[in-house]
Every structure is written in C-alpha cells, then in structure tokens.
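Predicted model only: the values in this text are computed from it and were never measured. Both ligands and their constituent atoms are indexed starting at 1 by order of listing. Throughout, residue positions are numbered sequentially from 1 according to the sequence presented.
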Amino acid sequence: LLLGAVPYLLWRRVKQGRCHLSHAVSHELARAIRRHEFFIQYLPTMNHETGECIGAEALIRWRHPRQGIIMPDLFIPIAERTGMIVPMTQWLIEQLAVEMGGWLRAHPECYLSLNVSSAHFESKLFLRRAVQTLQRHGIAPDQITLEITERDLLDKSDESTRKALQLANQYGFKLAIDDFGTGYNNLARLYEFGFELIKIDRSLVRTAVDKQGGDRVFDAVLTVANGYGAPVLVEGVEQITDVAFLATRSIHSLQGWYFSRPVGAADFQQFHGRHSSP
Ligand code: C2E
Ligand code: CA
Ligand code: CA
Ligand code: CA
C-alpha cells in the first residue's frame, strides 16, 4: 500500500537502486508533516468502577492525497527506522495542545496519553521541546501520559532507558507500559522503572473470552500486572461479553470499541460530556 504513497520520480530512483524504499517513504512523511496531512483521533479511556470517561489516547492517522487514510501500523515502523517518528510526534503534541488544550485545562482530573518509543528518548531535545509546547498552551505535563511498549523497554539497556524515563518523570510526565503481556518473559526487569499505568494488550482479552482456558492466561498476566502496584488498564474491550468477563476483576480502566471507536477532538469532547458527572 505504501508503495503508492511514494511519488513516481522517487519510486523510479528506488527501482533503479539509487535510493532505498524507506528513504523514499521518509521523504513522504516529511512532506506530509509540512502539508498537514496527519490528524489525530482520540480513543476514550473509561474508569472501570464508575463507568466515567477519564481521558483518551491520541492516535495518529495520515490523510494521504492519493491513498486516502493510512493507518499507523503501516507507516510508524518506517517512521521509527528513519527517525521521522520524532518530528512526527512533535507535530502530534503541537496539534493535541491546540485542539485539546482548552479541554485539558477545564478538566484537570482527566489525562491524555500518546505513544512514544525509545527513539524519542534517545533524542534529548524531544522531551524538552514537548514540555515547552505544552507550557505554551498552559498544559501541565502531569496531564500527559507517555506510553511505551513492553517490548521496546525490554529491548533497551537498563541504564539508558532508566535515565530517559527518569528525565520524563522529572518533567512531570506520567509513564505507561503499553502492550503488556506480549513482550519477552524477563518482566522482573520492568519492576525497576516507576510506571504509573500498565496497559494489558488487547490480544489477551480476545484469548480470555474466545479461547478455552484463555481466562487463566489472562488472570496470570493480570496478577503480574497488578503486582507492580500501578493501576491496570485493559485494551480492546469490544463486546458486552468482554465487559462481563472483566467486571469482577481488579482493573482500573478500560478502552475499546465497546465504548467508542477513536474519534476526532470535538466528538471526543462530546463523548466525555455524556460520560462524566457534571
Ligand atoms: P496501540 O498503542 O496499542 O493502540 C491501540 C490500537 O488498538 C489502536 O489502533 C486502536 O484504534 C486499536 N483499538 C482500540 N480499541 C480496539 C478494540 O476494541 N478492538 C480492536 N480490534 N482494536 C482496538 P491504531 O490507531 O491503528 O494504532 C495501531 C498502533 O500504531 C498503536 O497501537 C501504536 O502502537 C501505533 N500508533 C498509533 N498512533 C501513534 C503515534 O502517534 N505514535 C506512535 N509512535 N505510534 C502510534
Ligand atoms: Ca498505545
Ligand atoms: Ca496497546
Ligand atoms: Ca499495539
């Protein structure tokens, strides 16, 4: 699919071996930032106990002039390999501050989360610029959670990761482990970092509800997750049967299509209005 996103002239250079494909796509991503082709959708986060909306996760999408809407799974990996992920996330924070700043200031009890990877932490400037952008819009970093995948955390050497996470903490950001339960098995290492949220991957909910014996796998992961002492969020709640399965379990918050698909800023704010006490 992304091949079609590459302009013809660049594509010819790729075919002639004069230029690498990821280079061509990275060129496209830079252009997309300049031309405002990205936009954000917000996936609501619900408190498990009260059923109220307590925030959202910001998810990026690419409105390509010829390809239509491209989902992040297709371009994030290339953006990460080429380093374009950092300017892309800078754009996302800027845009989030513009369209959600007022809402965040009006709802200090709520928070928004966004996805980062070790590439962001390798860039010293990234965190500092993020804080500056938020401050310019009167947003406190403690209303922003940075999600980093379990896999990404375990791939990196403890020392550099710990330093980067510490710095993020000092700036006031909250940190979340994303896709928990899908990484490697030396989870003990994660205990060393201070996380404020653990997000159990949606594949575990599907296993729990759809596969025989899957509930035991889910409960094993949930026990480990709760062992960190941080609140646990379960992703990918799609059906009433998922809600029923989770009802009696020790979980802080939920996300998934059962509550809402990812939506634009205005629709999210309306959704929050309907799902929170005045
Ligand atoms: P993720 O961080 O695990 O995000 C959750 C994904 O699950 C989102 O897909 C969301 O739309 C989808 N989802 C939520 N609830 C349900 C559900 O009930 N059922 C199903 N089937 N899916 C559900 P999306 O938006 O396509 O994002 C995919 C991945 O792309 C994300 O996984 C994240 O790793 C990455 N991503 C998205 N936006 C960004 C971004 O701004 N920066 C970075 N670095 N990565 C991003
Ligand atoms: Ca995420
Ligand atoms: Ca996830
Ligand atoms: Ca994921």
_Between D179 and R202, does any NZ, NE, NH1 or NH2 come within less than 4.0 Å of an OD or OE carboxylate oxygen?_
no
*asked:* Only heavy atoms of L92, strictly under 4.0 Å: list the atoms of ligand 1 that pass.
replied: 41 (O)
*Between the candidates T149, L74, D73, V205, which shows the shortest non-hydrogen contact distance to atom 29 (C) of ligand 1?*
D73
*Any N or O of D179 that comes nearer than 3.5 Å to an N or O of ligand 1?*
yes
*Check whether any side-chain heavy atom of E52 lies under 4.5 Å from a side-chain heavy atom of S277, and answer yes or no.*
yes
_Once you restrict to heavy atoms under 4.0 Å, what part of K199 touches ligand 1? Side chain, backbone, both or neither._
neither
*Taking N or O atoms only and a 3.5 Å limit, does I60 qualify as a polar contact for ligand 1?*
yes
*With ring centroids as reference points, do W103 and H272 lie under 6.0 angstrom apart?*
yes
*Take atom CD in E109; do more than 12 heavy atoms of anything else shown fall under 6.0 Å from it?*
yes
_Does ligand 1 come near enough to T89 that some N or O of the ligand is less than 3.5 Å from an N or O of the residue?_
no
*Any N or O of H120 closer than 3.5 Å to N or O of ligand 1*: no
*asked:* If I apply the N/O under 3.5 Å rule, does E57 come out as touching ligand 1?
replied: yes
*Counting from 1, what ligand 1 atoms have a heavy atom of P262 closer than 4.0 Å?*
11 (O)
_Tell me if the aromatic rings of F180 and F195 count as close, with their centers under 6.0 Å from one another._
no
*Part of R61 within contact of ligand 1 (heavy atoms, under 4.0 Å)*: side chain
*Compare I76, I148, D152, L254 and give the one whose heavy atom is closest to atom 43 (C) of ligand 1.*
I76
*Answer yes if F126 and I76 sit in the same cluster of Ile, Leu, Val, Met, Phe, Trp and Tyr residues linked by side chain heavy atoms under 4.5 Å apart, and no otherwise.*
yes
*Can you list the ligand 1 atoms lying under 4.0 Å from a non-hydrogen atom of E238?*
17 (C), 18 (O), 19 (N), 20 (C), 21 (N)
*For ligand 1, note which part of N115 has a heavy atom under 4.0 Å away: side chain, backbone, both or neither.*
both
*Step by step, would you call Q90 with E94 a side chain to side chain donor-acceptor pair (under 3.5 Å)?*
CA-CA 6 Å; Q90 265 159 7; E94 189 82 50; over 6 Å; no
_Are the side chains of L112 and I139 in contact, using a 4.5 Å heavy-atom criterion?_
no
*Minimum non-hydrogen distance to atom 6 (C) of ligand 1, winning option of R202, R206, E235*: R202
*Enumerated ligand 1 atoms positioned under 4.0 Å from heavy atoms of I85*: 44 (N)
*Using only N, O or S atoms, tell me which atom of D178 is closest to the Ca ion (ligand 3).*
OD1
*asked:* So, 4.0 Å and heavy atoms of S117: is ligand 1 close enough to count as a contact?
replied: no
*Measure the shortest side-chain to side-chain distance between I33 and R31 over non-hydrogen atoms and say whether it is less than 4.5 angstrom.*
no
*Salt-bridged, D178 to R151, with N to O below 4.0 Å?*
no
*Find out whether S250 and V232 are in side-chain contact, i.e. whether some heavy atom of one side chain is under 4.5 Å from a heavy atom of the other.*
no
*Can L114 be said to touch ligand 1, with heavy atoms closer than 4.0 Å?*
no
*the Ca ion (ligand 2) - name of the N/O/S atom of E57 that sits closest to it*: OE2
*Short N/O distance, under 3.5 Å, between D178 and ligand 1?*
yes
*Of all N, O or S atoms in E235, identify the one at the shortest distance from the Ca ion (ligand 3).*
OE2
*Which of these, E147, E57, Q143, Q255, sits in a side chain to side chain donor-acceptor pair (under 3.5 Å) with S113?*
E147
*asked:* Is the shortest side-chain heavy-atom distance between D142 and F173 below 4.5 Å?
replied: no
*the Ca ion (ligand 3) - closest N/O/S atom in D179*: OD1
_Quiz item: cation-pi between R128 and Y171, 6.0 Å / 45°_ = no
*Select one of side chain, backbone, both or neither to describe which atoms of V237 lie under 4.0 Å from any atom of ligand 1, heavy atoms only.*
backbone
*Looking at E147, which of its N, O or S atoms is the nearest one to the Ca ion (ligand 2)?*
OE1
*Would you say ligand 1 has an N or O under 3.5 Å from any N or O of E147?*
no
*Atoms of ligand 1 less than 4.0 Å from G256 heavy atoms?*
15 (N), 18 (O)
*Using a strict cut-off of 4.0 Å, indicate which atoms of ligand 1 neighbour a heavy atom of M71.*
26 (O)
*Please state whether the separation between the Ca ion (ligand 2) and some N/O/S atom of N115 is under 3.0 Å?*
yes
*Would you please indicate if the ring centroids of F271 and Y42 are separated by under 6.0 Å?*
no
_Under-4.0 Å heavy-atom contact with ligand 1, by part of L43 that carries it_ = side chain
_Aromatic plane relationship, W62 with F75 - under 30° parallel, 30 to 60° tilted, over 60° perpendicular_ = perpendicular
*Could you tell me the separation between the CD atom of E37 and the CH2 atom of W91, rounded to the nearest 0.5 Å?*
10.5 Å
